[in-house]
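Chain identifiers are assigned alphabetically (A, B, ...) following the order of the sequence lines, protein sequences preceding nucleic acid strands; residue numbering begins at 1 within each chain.
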Amino acid sequence: MTDETQQPPDENKLIAERREKLKALRAGGVAFPNDFVPDAFAGDLQAEFADKERWGAEALEALGRRVRVAGRMLAKRQMGKASFAQLQDVTDRIQLFLQQAALGEAAYDAFKGYDIGDIVGAEGVLTRTKTGELSVKVDALRLLTKALRPLPDKWHGLADVEQRYRQRYVDLVVTEDARRVFKLRSRVIGFIRQWLEAAPRRFMEVETPMMHAIPGGATARPFVTHHNALDIDLYLRVAPELYLKRLVVGGFDRVYEINRNFRNEGVSTRHNPEFTMLELYQAYATYNEIMDITEGMIRETAQAALGRTALTWEGRDIDVGAPFKRWPMEQAVREMNPEIGEHELRDRDALARHCARLGIHVKPGYGRGKLLTELFEATVEASLIQPTFITQYPTEVSPLARANDADPGITDRFELFIGAKEIANGFSELNDPEDQAARFLAQVAAKDSGDDEAMHFDHDYIRALEYGLPPTGGLGVGIDRLVMLLADVPSIRDVLLFPYMRPEA
RNA sequence: GGGCCGUUAGCUCAGUGGUAGAGCAUCGGACUUUUAAUCCGUUGGUCGAUGGUUCGAGUCCAUCACGGCCCA
């Protein structure tokens with residue numbers, strides 16, 4: 001027997017008492033019955049009978065509506081021969097009204113032994129109590145699952161954030177706001193799928209590999225894993241981009257994928273090693289149409305998931321209902337840094353001097369595009385509260401984007417910032433196989449000189465481009481960050497059911 | 001990686017170098033319309049870990065672990 005199979009070391013008196021109750025349940029028959037079938041949800045009942053004037057106690061008694069509800073018992077108030085309990089299911093809570101006379105003495109005595117946190121099934125007629133609370137007047141009650149561990153304090157809830165993340169199952173039971181956020185997340189993702197697939201957009205959802213022999217599609221360090229049978233290292237994907245564009249080569253003109261990416265980087269309030277990304281590709285579109293799609297999707301998702309486009313995030317008002325500003329990067333940097341002359345924007349040494357003046361740490365290998373991007377991040381990004389597309393990223397920092405026809409130093413690319421956070425990234429795809437091969441070579445050179453985030457050369461991807469990628473626009477949206485914005489929570493951990501945590505000691 | 005803060009009963013938290021505390025929960029009792037029910041009584045501790053200073057450490061010091069916030 002290994003350590004992993006030992007009893008948990010945190011046994012205590014409360015658990016011991018409940019184990020005794022479970023022992024008695026086992027002695028009495030099936031301790032974990034699975035034959036109770038509820039026929040109603042608390043939330044549906046609360047909604048249907050919300051009108052207290054129409055559905056007073058008399059009207060409900062006359063209606064005689066029998067329901068079977070099941071859920072976790074979160075409150076228990078005993079008053080001699082009558083008791084109240086609060087049942088919580090996935091939709092909402094509903095009160096149980098239990099009287100010894102209606103339930104029978106044996107069942108009522110059994111109920112006295114139930115603990116907060118137990119999962120119960122109840123059957124009875126709907127009523128409304130003196131204080132106006134919709135309730136089930138229970139005439140049959142069953143303990144479906146005995147909870148051995150006590151729940152946190154019903155009033156203060158679970159305040160220890162570490163325990164909230166590690167034991168999300170407890171957090172979800174007791175923290176209303178956690179349930180709100182994850183229900184919102186589900187609605188957001190569901191709506192986005194539906195919106196993308198609906199006419200006139202007609203995108204098709206696909207699944208591409210999570211394990212890559214050559215990591216690609218983003219400049220990021222990958223996780224490495226190993227395939228034993230083949231004895232080769234594989235990389236968890238940092239982005240699905242190159243596979244999705246292969247599908248466009250294959251004729252799937254409008255594809256999208258919502259799934260996990262993995263990046264071997266630090267953990268922070270904005271970064272988790274695995275995170276969820278939407279990527280989509282539309283043939284015969286440019287980054288301008290992709291900006292339109294991005295803007296429409298976010299606006300309509302907010303409307304669908306929240307019922308409004310006026311948001312509050314981190315105490316700031318953000319309106320995704322108004323048209324999103326589109327602002328070329330060079331122009332933004334110039335406006336926020338009047339002391340940088342227009343002619344200096346394309347002068348590597350001048351940009352390096354400005355970076356030094358502003359205390360921005362740069363490496364000798366940085367070209368003028370990378371330096372401009374550093375200046376942008378240091379002096380512009382924090383001010384981008386309202387939705388803003390920053391356009392025309394330098395070619396140097398955009399190895400997969402199409403160079404601008406009139407100005408090959410920049411690309412037909414944008415990033416969307418909302419609340420000073422990067423939410424989306426999109427561009428007209430680079431479909432010139434010879435240009436792409438040259439860009440890969442530049443990335444390989446950067447990797448050889450020590451940039452471990454630089455990309456690998458993907459020969460098959462070049463081969464695919466050589467068969468012909470139609471002119472295509474692409475988009476990536478950080479779903480976690482979008483949900484953070486819509487849910488008004490400050491940390492990515494609050495929108496991940498199980499955020500990454502170091503193993504417990 | 002750096003700075004600051006935190007870790008005490010199941011939960012939420014006090015605790016100023018000198019007997020380990022409170023509220024809720026638990027357990028026992030009363031109570032047939034409660035909403036954090038109420039009332040009476042009761043139990044519950046490896047003070048994150050290790051080492052040090054001290055007559056004496058939850059408290060001071062060091063190291064480590066885990067977490068939070070900020071910075072890179």
*Asks:* Run through RNA chain B and report every stem of 3 or more consecutive Watson-Crick or G-U pairs, distances under 3.5 Å, ordered by first number.
*Replies:*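 Looking at RNA chain B, the stems formed by three or more consecutive pairs are B:1-7 with B:65-71, B:10-13 with B:21-24, B:27-30 with B:38-41, B:48-52 with B:60-64.
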*Asks:* Between B:A65 and B:A22, how many Å separate the two P atoms, rounded to a whole number?
*Replies:*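 Result for the P pair: 35 Å, nearest Å.
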*Asks:* Considering only atom P, compute the distance from B:C24 to B:A57 and round it to an integer number of Å.
*Replies:*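 The answer is 33 Å between these two P atoms.
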*Asks:* Taking A:D115's backbone N and O only, do any of them form a donor-acceptor pair with A:D118's side chain (distance below 3.5 Å, no angle check)?
*Replies:*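 Checked: pair present.
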*Asks:* Mind checking if A:Y165 touches a base, just sugar-phosphate, or nothing, with heavy atoms under 4.0 Å?
*Replies:*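 A:Y165: backbone/sugar contact only, no base atoms under 4.0 Å.
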*Asks:* What about A:Q99: does its side chain form a donor-acceptor pair under 3.5 Å with the base of B:U32?
*Replies:* yes
*Asks:* Going through the checks in order, is the salt bridge (Lys or Arg N to Asp or Glu O under 4.0 Å) test met by A:R221 and A:E265?
*Replies:* CA-CA 7 Å; A:R221 293 179 61 179; A:E265 293 162 358; over 6 Å; no
*Asks:* Looking at B:G44, does its base get a donor-acceptor pair with the side chain of A:N12 below 3.5 Å?
*Replies:* no
*Asks:* Taking it one step at a time, do A:F223 and A:F262 satisfy ring-ring contact (aromatic ring centres under 6.0 Å, His included)?
*Replies:* CA-CA 7 Å; A:F223 285 95; A:F262 307 86; 7.0 Å; no
*Asks:* Looking only at side-chain N and O atoms, does A:R502 come under 4.0 Å of OP1 or OP2 in B:A65?
*Replies:* no
*Asks:* Taking atom P in both B:A49 and B:U33, what distance in whole Å separates the two?
*Replies:*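 The same atom, P, in both gives a distance of 48 Å.
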*Asks:* Whether A:R77 contacts B:U34 is assessed here as follows: a side-chain N or O lying under 4.0 Å from the phosphate OP1 or OP2. Is that the case?
*Replies:* no
*Asks:* Please give the distance between the P atoms of B:G56 and B:G15 as a whole number of Å.
*Replies:* 26 Å
*Asks:* Within the structure, does a side-chain N or O atom of A:R493 lie under 4.0 Å from either OP1 or OP2 of B:C69?
*Replies:*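 Yes, within the criterion.
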*Asks:* What integer number of Å spans the C1' atoms of B:C31 and B:C40?
*Replies:* 12 Å
*Asks:* So does A:E162 pair up with A:R166, basic N to acidic O under 4.0 Å?
*Replies:* yes
*Asks:* Could you work out the separation of B:C61 and B:U54 based on their P atoms and round it to a whole Å?
*Replies:* 16 Å
*Asks:* Output yes when at least one side-chain N/O atom of A:Q78 is less than 4.0 Å from OP1 or OP2 of B:C31, else no.
*Replies:*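 No, A:Q78 has no side-chain N/O under 4.0 Å of OP1/OP2 on B:C31.
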*Asks:* Any side-chain N or O of A:K21 less than 4.0 Å from the OP1 or OP2 oxygen of B:C27?
*Replies:*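 Yes, such a contact exists.
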*Asks:* I need the A:H354 NE2 to A:I340 CD1 distance, nearest 0.5 Å.
*Replies:* 5.0 Å
*Asks:* Indicate, with a heavy-atom threshold strictly under 4.0 Å, whether A:S83 touches base, sugar-phosphate, or nothing.
*Replies:* nothing
*Asks:* Determine, for A:R368 against A:D349, whether the closest basic-nitrogen to carboxylate-oxygen distance falls under 4.0 angstrom.
*Replies:*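 Salt bridge flag = no for A:D349 with A:R368.
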*Asks:* Is any N or O donor-acceptor pair between the side chain of A:E162 and the base of B:U7 shorter than 3.5 Å?
*Replies:* no
*Asks:* Taking atom P in both B:A9 and B:A36, compute the distance separating them and give it to the nearest angstrom.
*Replies:*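 One P to the other, the span is 26 Å.
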*Asks:* Does a salt bridge link A:K137 with A:E61, judged by any charged N lying under 4.0 Å from a carboxylate O?
*Replies:* yes
*Asks:* For A:K154 and B:A37, is the shortest distance between a side-chain N/O and OP1 or OP2 below 4.0 Å?
*Replies:* yes
